[in-house]
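Sequence lines set the chain letters: A, B, ... in the order given, protein chains first and strands last, and positions in each chain run from 1.
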Amino acid sequence: MSAVIVEKSEARKIKSNGFISKFGALIGLIILCTVLTILSDNFLTVDNVMNIARQSSINALLAIGMLLPILTAGIDLSVGSILALSIMMMGIVSVNHGLNPYLGIVVCLGVGALLGWTNGIMLTKLKLPHPFISTLGTMNIARGIALIITGAAPIAGFAAPIQFAGNQFVGPVPFSFILVIVVYILFDIFLNRTSTGRYIYAIGGNKETARLSGINVNKILVIVYTLSGLMAGLAGLVMVGRVNSAFPLAGMGYELDAIAAVIIGGASFFGGVGTVWGTLIGATIIAVLRNGLNLLNVSADFQMAIIGLVIVAAVYVDVLRQRSFKK
Amino acid sequence: MSAVIVEKSEARKIKSNGFISKFGALIGLIILCTVLTILSDNFLTVDNVMNIARQSSINALLAIGMLLPILTAGIDLSVGSILALSIMMMGIVSVNHGLNPYLGIVVCLGVGALLGWTNGIMLTKLKLPHPFISTLGTMNIARGIALIITGAAPIAGFAAPIQFAGNQFVGPVPFSFILVIVVYILFDIFLNRTSTGRYIYAIGGNKETARLSGINVNKILVIVYTLSGLMAGLAGLVMVGRVNSAFPLAGMGYELDAIAAVIIGGASFFGGVGTVWGTLIGATIIAVLRNGLNLLNVSADFQMAIIGLVIVAAVYVDVLRQRSFKK
Amino acid sequence: GCASQGGGSSAPASSDKGDKGGSSGQKPKVQVVLKTLSSPYWKYVEAGAKKAFQDLNVDGTVTGPASESQILEQVNMLEDALNKKPDALVVAPTQPSTAIPVLKKYKDKNIPVLLVDTDTADWADKTSFIGTDNATAGKKGGEYLASLLKSGDKVALIAGALGNPATDERIKGAKEALEAKGMKIAANQPADSDKAKAMSVMENILQNNPDLKGVFAANDDMALGALRAAEAKGLKIPILGTDGTVESIESILADKLGGTVAQNPYEMGYKGVENAVKAIKGEKVEKRIDSGVEVINKENAQKKLDFLKSLTK
Amino acid sequence: MGERDALLELRGINKGFSGNQVLKEIHLDIRPGEVHVLLGENGAGKSTLIKIMTGAYTKDSGDIFWESNKVEINGPVDAMNLGIATIYQELNLIPELTVYENIFLGRELKKNGKYSLLDRKTMRLKAEEYLKQLGQDISPDAKVSTLGIGQQQLVEIAKALTINAKLIIMDEPSSSLSESEIEQLLTTVMELRKQGIAIVYISHKLEENKRIGDRISILRDGRKIETLSMAETDTEKMIQLMVGRSLDEKYPKMNFQLGEEGLRVEGLRLKNSSKEISFTAYQGQILGFSGLVGAGRTELARGIFGVDPVAQGKVYVFGKEVKIKCPEDAIKAGLAFITEDRKGEGLILDQTLEFNITIANLKKLKKNKFLYKDKMKALANDYLKELQVRPGDITAQARKLSGGNQQKVVIAKWLCTNAKVFIFDEPTRGIDVGAKVEVYRLINSLVQDGAVVIIISSELPEILGICDRILVMNEGQIVDDMLREQADQEKIMKSATRGN
Ligand SMILES: Nc1ncnc2c1ncn2[C@@H]1O[C@H](COP(=O)(O)OP(=O)(O)OP(=O)(O)O)[C@@H](O)[C@H]1O
Ligand SMILES: Nc1ncnc2c1ncn2[C@@H]1O[C@H](COP(=O)(O)OP(=O)(O)OP(=O)(O)O)[C@@H](O)[C@H]1O
Ligand SMILES: [Mg+2]
Ligand SMILES: [Mg+2]
C-alpha cells in the first residue's frame, strides 16, 4: 500500500471544531495589543494603527500565498526571491525601458505567477521528493537572476499607477490594507466555496485518498504554487509602492515571516488544516509585535529575543485555550 | 485513533530497498566532482580535497544533528543561533574571564545541549503544535541573547585546546574532518544499532503507533532536540577553531544549509526516512559546490543561481536513478 | 562590550510637547536610525551619537534592525519613529532609494533629516550628509594596497553579500583603484560578511592562486577570516579590511593584518546628532560634512586603538 | 459479578468524548485461559473499551483489577508491564521499518543488558519463527510498506505473540484476512488458550465467534447487555441481543434480470506483471471476485481504476472503450472504486463527514460555479441516514467515528457519485451484521437501478450470499468462473488454492 500513517499532534486533533478554534491566535493578538496599549501612548492611535495596517500588508500577502502550499503539506521557500525578481523585472520594463506602467504591473504579477508555476512543475513533473527542494532551488535561482539582470543596482522612480497599491490612501486607510482584505476575502471564497479550494484541503489531508477520489493532484499542486508565486508578485508591487524602489535583495528572509504567520494562525505543517482568517491574525501579530517594540525603543538585540518569546507565547496561548476548550 | 494516513510521493516508496538507495545523492556528487575536475586543474588535488573536508565540517556537524528532528518529522531552525550563543558563552568564560579552556569547551557543548533540550521541552511539555514554532522562537531568542551579552562585539584569542578541533591537522588531514567521521560513525551506530535510534525512526514513521508500542515518545523527542543542539555547539567549537574568534552573528542562515544537506541526502520531511551517510553526502555536495564556484571564480550573482540549479539537479538525478532502478 | 542598549543617557520620553521647534525649554528629541546595531562598526556610530546626546542634553534614541539585510524593516522603523514625533532624524539608510518616500514624510512634517554614513544620491531635501562614501573608502584601501605591491601583482577581492550597497561600493572603489595602478584582480568572490565563510573563500582562492600578493576585503571580519586562511598556508601577504574594528586593529598591531580603512564611525554618530541639534535650533548646517577616512596601519594603529577603547570604557 | 479468580476485572467503567458518553457503567471480567468475545454494533464502544484496558485511552471513572489487585493503567507501557498485548483494529505498524523491527518495536532484544546494542540476529530469527507459527513465510527483513494489508495484519498478530502476555486483546484481527489465514489465526488462538493465555476477541463474523469463544459479552450503545457462556448462545441470539431485534435474513438476495454488458476488460496486464486478465461484468448480475489474500484482486481493481499504471489492455464501459490513466478518468467514465484501506485511501480523517462524502462529486454540486452548500449538506445527511451512520452528524470529524461507521462513510462517498459501474473491495470489512444487510440492500438497489456491481471479498459466505457470478483469482490470474448456482465454498477454495 502506498499510504503511510503519520500521527498528528494532540493540539491538531482538537482543532477544527467550530468557530472559536478558527480564530485560535486571536486571543494572543488581543493580549498583545492590550499590553502595548498600556505600555505606549503612541500605540493605539489612528496613525499608528494605519502604520501597522500598511506594514503588515506585505507579509499578509505572502502569508496568504504561503497558506496554500502549507495546506497541501508543502512549503514555499522561494516567495522572498520571487518577490525580488518580480519587482526587478517590473523595474526594467517600466523604468529602465520606460514602457507603460500597467504593463509593468502585469509583468510583476506575471513573473511571480510564472516562477510559482515553475515550482509546481518541478514538484509534479520532475517529481522532486518535497517542495522544500524545488522551492529552495528557485529561491537561489530567482535571487541570483534578480542580482544579475541589474548588476545588483536598485531601480527607483516608478510611475504613479505602480506606486498606487503600496502608497495610496483612501481617507486615512492605506490602500494596501484594503487590498489585503479583498485578497483575503477572495481566498476565503476560493478555499471554502470552490471545488479547487476543497481539493487543496483534501490533498493536504490525505493525498492518496484525494487521488482516488478523482482529484487531479498534480494540477491542483501547480495551481497552489502558481498562486503562491502570484501573491509574492503582488506583495512585491505593494513593496515597490511603499518605498518607490526595487532592489534585488528585497524580500530576503521573508519566507520565514510568512510561514510563521501561517503557523501562528493555526495551520498545520502536516497539511489539511488552516484558515484564511487565522493567517491574517498571524500576520497581524507579527506586525503588531515589531511595531510595538519599535515604539517602545527596544533595541534590535532585545527585539529579537522578545519576538522569539512572543511567537512561542502566542502559540502557547492557543494551545492552552484549546485544552480548556476541550474539557 | 489519532493516526492519519499521509500519502508519500512515488519517490519515497521506492526508496528503502537495499544498498544503492541508501546512497541516493552519491551519483549527483560524482557527477558534480567529475565536471569540476574537468573544469579546474586545481579541483582534484590533495590540498583542495582537504580544503573541502575542512569547509564541509561545520555544515556536516549541523546536518547530522538536524537529521534527527527531520527523522521524527520535525525540524530545528535554531541550530545557527544555538551555535552563536554557544561560542559567545565559551568566549565569555574562557577569554573574557580567562577560565580554563576545557571548561570553555564544556560550556560550549553544554549551552548547545541545553538550548536543544529547551526546544524539546517546549515541544513536548508546552505541547506547541510543531517544532517549527518552538525552534523559531529559540532561533530568535538565542541570537538576541548572543548579541546582548557581548554588545555585538566579537571575542578573539582563544587558547590552543579550544582551537584544536577546528585548526589542527593530523598529517595532511584536518582534525575537523576526522571529528566529522567519528561523529557520523557514532550516529550511524546510534540510529541503527540502539533501540533509541530505532525509536527515532518509529516516531517519524507513526507517532501514535510508537506510543502504543510503549515508546516514551516525549523522552525520545527531548533526546533528539538535545542532540541537535549539542551538534550545533560542536559545530561552533569547530568554527571558533577555524577562525579563532567568536562573533554573535555566526551561523546566521546555516540552518537552511543543514536542512538542505539532510534532504539532498535522501531524508523525508514526513519523517522516518533518512540515513547518516546520505546526510554526509548532502553536506559534501554543498561544500564541493561552493568550493568549485570559488575555484572557477564564478561571479557572485551567478553563484546564487548556480547553487539553486545544482540543488535541484542533484535531487533530480536521484529521482531519475530511482525511477530507472525500479524498472 | 559597549554601552548597553536602551535610552542611554536619555530620560524616559518627556512626553507630549506640541511644538516641533524645540525652542521651548524642553530637551530636543532626536531619533537615530542606523543600518543595524549588531556589528562593531555600528556600535561605534551608536557610541558617538550617545556621547552627543549626553554632551548636548538631547532626548535621543538609537535604533536599527537586527541585520543589514533587513531593509524594509528599517523603513518600518522610520515610519514607527515618525509616530513618536521627533524633532530631528539622523539616519543611515541601508538601501537609500527605499528610504526616500518615508524621509519625504519627515520633510513634510518639517523634521530635519540628516544622513550619516550613506548618502542618498537623488534626494536634495536632506539637511546634511555626514560621512564619506563607501566608494571612497574602497578607493583608499585599493590605493594603499597597491602602494605595498608592484604593478602586475595578483590581488583578490572579498565582497559582502551581493546587493548590499555598502560593501558593493567598497569593492567597486577598491577595484578601480587597484586596476588603475596596474594590479591584476585574480579573484572577486562574495563571503556574505561572514568570517567563517571568508576563510573558506580565501582557502579556495589560494588553491587557484598560490602566488597571490594581496587581498582587499569589504569588511574587517572577512579580512580576518581571509588572514586566517593565508596564515594556515604560511603565506604572509598584505590583507586589508574596512571598518577599523578593535579586533582588526589589534591584529594590525600584532603584525598580522595589513591594514584597515577606517571611516570614523564615532565621528559620524557624534556629528550627526550635533548637527541635528543645530538644525532644530534653526542654525545653519553644512550640506556635506566629511567625517574623514583614514587607512590604519602599523604606524597609527595604537593611537586609534586607544581612542576606540576609550569609547567603551 | 466478577469471580475471585478473574484475571482482569472492570468495574463501572465510564468514558466520554467531549460530552458524548461512549461507555456507560461497564462491568466485565476476563478469566485466565478463556476466549472472551466482545460483540456489538458498529460504534457500540468495543474498541473504546479495549483501549481503556490497554492504556491507549484513560477512563473517566471506574476501577480496573488485575489478578484481584486494583491497578491504574495510564499508558500502553502500564498495560504491557501487566502482561497485556494488543492487536488494534487499525493497523499499528511503522511502514518504513522492517517486519522484525516492527514485531519487536518497544521491546527490542539487546546483546547484553539494557544499554547495549541491539541483537538484530536473534530478533530476525525469532520473528521468522513467529511468522512460521502463523503459517507465513514473510521475510523478516521486508519493509512493512511493501506488504499487503492482510500480511500486515499477520505481522501485527506476530507482534502480539512476542509479548509474554497473560492477556491478548484482538480487535477484529480477522477482518482483512481470507479464509485460510483466518483458519491459521483461529488455530493460533486455540493454541494460546491451551497455554493458559486469556484472549479478548472482537469480530463481526458470528460463526467465528461461536467457534472459538468460551464466553461472550454483548455491548449495545455503550452498555453491556449481557455476558453469556458461548454454549448457551447461537448466532440468532447474538444478533437478537446485539441489534435488539432479530434479522430476517443475513443475505437479502434478489433476483435480477440479466442486462447489457457493463464493464469489459480485455487483456489487461499490470506493470510488473506477466499475466493478462479479461472478464466482463453485466447489468443485473453481481460479479464476485474471490481468492486468497494477495491473489491480486485489489491490484486488478487498482489497474482498472487507473490507480496503478497498466502495461497494456483495454477497458470498455457499456460497450465504449475508455482510456483510463488516472482515477479522474475512471470517474469520468462512470466508475466508482470503494477501496479496502479506508484510512489510507478512503477517508480524509481530519475533515468532516460532509467533506468526505461529497469530495468525489464536487463538480456536480455547484450553483453558479460555487459549491452549493445546502445541497451538499442535504446529500450528506441523506446518506448518513440511509446507511445509519452513527453519529449521524455531518459536521463530525471522520477520525472520531468507529471503524465500521467509517467504512459506511466511504461507501456513501461513492454512492453519491452516481457512477454506473461500482467496484467494491471488501465492502463490509468491519461492518456489523445489521449494517451489512443495509449495505447489501443498497447494492441490490444499485443493481436494480441499472448499475454494474463488482464485489471483491475474502468472506466466502458473503460472496456466495450476494453474488450472481463468481470469479476466483489465484496468483494474479482468473482461474475459475462459476454461476452462483454452481458454486459452493469447497469449490471456490479449491480453485483459490490451486497450485499453492
Ligand atoms: N477519539 C474519539 N473522539 C470522539 N468520539 C470517539 C472517539 N473514538 C470513538 N468515538 C466514538 O465512540 C463510539 C464508540 O466507538 P468504538 O470505536 O468504540 O466502536 P466499536 O464498537 O469498536 O465499533 P466498530 O465495530 O465499528 O469498530 C463511536 O460513536 C465513536 O464515534
Ligand atoms: N504496496 C505494495 N507493495 C508491494 N507489494 C504489494 C503491495 N500491495 C500488494 N502487494 C502484493 O501484491 C500481491 C497482490 O496483492 P492484492 O492486494 O492485490 O491481493 P488481494 O487479492 O486483493 O488480497 P488482499 O486481501 O490482501 O487485498 C500480493 O502478493 C501482495 O503482497
Ligand atoms: Mg472497533
Ligand atoms: Mg485486496
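In this structure, chain A has no heavy atom under 4.5 Å from any part of Ile75(B).
Here CD1 of Ile148(B) is found 6.5 Å from OG of Ser299(A). Values are rounded to the nearest 0.5 Å. Atom CG of residue Asn140(A) and atom CD of residue Gln303(B) lie 11.0 Å apart, to the nearest 0.5 angstrom. Rounding to the nearest 0.5 Å places CE of Met139(A) at 8.5 Å from CD1 of Ile311(B).
Between Ile306(B) and Ile141(A) the shortest side-chain heavy-atom distance does not fall below 4.5 Å. In this structure the side chain of Phe132(B) reaches within 4.5 angstrom of the side chain of Leu256(A), judged on heavy atoms. Using a 4.5 Å heavy-atom threshold, the side chains of Lys127(A) and Tyr316(B) count as separate.
Note: Ile259(B) leads Leu77(B), Ile307(B), Ile259(B), Ile145(B) in heavy-atom pairs under 4.5 Å with chain A.
Nearest heavy atom pair, residue Ile133(A) against residue Val312(B), reads O-CG2, 4.2 Å. Scanning both residues, Val315(A) and Pro129(B), for their nearest heavy atoms gives CG1-CD, 3.2 Å.
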